Amino acid sequence: MLCLLAAIPLLRGQSVTGQVAGSVVDPSGAFISGATVELTHGLSRQVRSFKTDTTGSFVFTNLIPGSYDLQVTMPGFKVHEQKGISVTAQARVELRTIELAVGEVSSTVEVQAETLLVATTRSDRTISMGRQEIEDRPTRGRNPLALIIGLPGVQAVGGFDFRGWGG
């Protein structure tokens with residue numbers, strides 16, 4: 001029984017995974033908290049993401065052995081990329097302190113507008129009105145031009161308000 005208890009720490013040490021750790025700072029050496037660190041496995045293209053803590057540190061654990069690519073992004077800073085990080089079984093890869101360079105502040109403006117339908121082949125338009133539409137349309141002074149002015153696409157530039165006999 002005593003031999004079994006003594007062997008337990010040895011069993012826990014047998015691992016086939018590795019780790020990648022590091023920290024992120026700005027050009028003045030201050031830690032960058034909340035930077036997004038992405039680690040991509042070279043073969044499977046599986047992406048693991050981590051946000052740096054208050055000390056700018058990150059740790060990726062339980063990594064299968066292989067080659068990895070690292071990308072660090074933070075708004076206001078340029079993207080940092082590091083390729084070909086080799087991770088072996090039971091190894092902790094300590095990356096040097098990653099310094100993010102200050103980047104340009106950029107904004108993207110996306111404009112979406114609907115196009116207007118403009119007829120360019122002909123200038124004539126035809127609209128037909130039946131007797132019931134004419135009777136139901138309110139007009140002032142029973143002027144037949146008021147019917148035309150009320151149609152879509154017609155623009156009146158003069159005054160067509162004929163009231164009574166004087167008009």
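Note that this is a predicted model, so its numbers are computed, not measured. Just so you know, these numbers use all the heavy atoms, side chains as well, and skip hydrogens, waters and symmetry mates.
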Does the side chain of Val79 reach to within under 4.5 Å of the side chain of Glu81, using non-hydrogen atoms?
-> yes
List in chain and number order the residues that pass side-chain hydrogen bond (donor to acceptor under 3.5 Å, both in side chains) with Ser28, two or more places apart in sequence or in another chain; answer none if no residue qualifies.
-> Asp26
Pairwise side-chain contact, Pro65 with Val87, heavy-atom cut-off 4.5 Å (strictly under) | no
Over all heavy atoms of both residues, which pair between Phe58 and Ser23 is shortest? Give the atoms and the distance, please.
-> CE2-N, 3.7 Å
Pairing residues for Val59 by the side chain to side chain contact (heavy atoms under 4.5 Å, CB included) criterion, not counting sequence neighbours = Gln19, Ala21, Thr61, Arg92
Is the shortest heavy-atom distance from the side chain of Leu70 to the side chain of Thr40 under 4.5 Å?
-> no
Atom CG of Leu100 and atom CD1 of Ile32: how far apart are they, to the nearest 0.5 Å?
-> 4.5 Å
With Arg131, which residues qualify under salt bridge (charged side-chain N to carboxylate O under 4.0 Å, His left out), at least two apart?
-> Glu135
Qualifying side chain to side chain donor-acceptor pair (under 3.5 Å) pairs, either residue in residues 42-53, two or more places apart = Thr36-Lys51, His41-Ser44, Asp53-Thr55
Do Val102 and Val24 sit in the same hydrophobic cluster, where Ile, Leu, Val, Met, Phe, Trp and Tyr count as joined when their side-chain heavy atoms come under 4.5 Å apart?
-> yes
Hey, quick one: are Val20 and Ile64 part of the same hydrophobic cluster, counting side-chain heavy atoms closer than 4.5 Å, chains of contacts allowed?
-> yes
How long is the span from the CZ atom in Phe60 to the CG atom in Leu95, to the nearest 0.5 Å?
-> 9.5 Å
Could you work out the complete set of other residues in the hydrophobic cluster of Val25, with links drawn between I, L, V, M, F, W and Y side chains under 4.5 Å apart?
-> Phe31
Got a sec, which residues hit side chain to side chain contact (heavy atoms under 4.5 Å, CB included) with Pro75, two or more places apart in sequence or on another chain?
-> none
Partners passing salt bridge (charged side-chain N to carboxylate O under 4.0 Å, His left out) against Glu38 (at least two apart in sequence or in another chain) = none
Rounded to the nearest 0.5 Å, what's the gap from NZ on Lys78 to NE2 on His80? Could you check?
-> 13.5 Å
Does any pair with a residue in residues 66-77 pass side chain to side chain donor-acceptor pair (under 3.5 Å), and if so which ones, sequence neighbours excluded?
-> none
Between CG of Leu63 and OG1 of Thr17, what distance do you get to the nearest 0.5 Å?
-> 7.5 Å
Atom pair CE/OG of Met74 and Ser33 - distance to nearest 0.5 Å | 7.0 Å
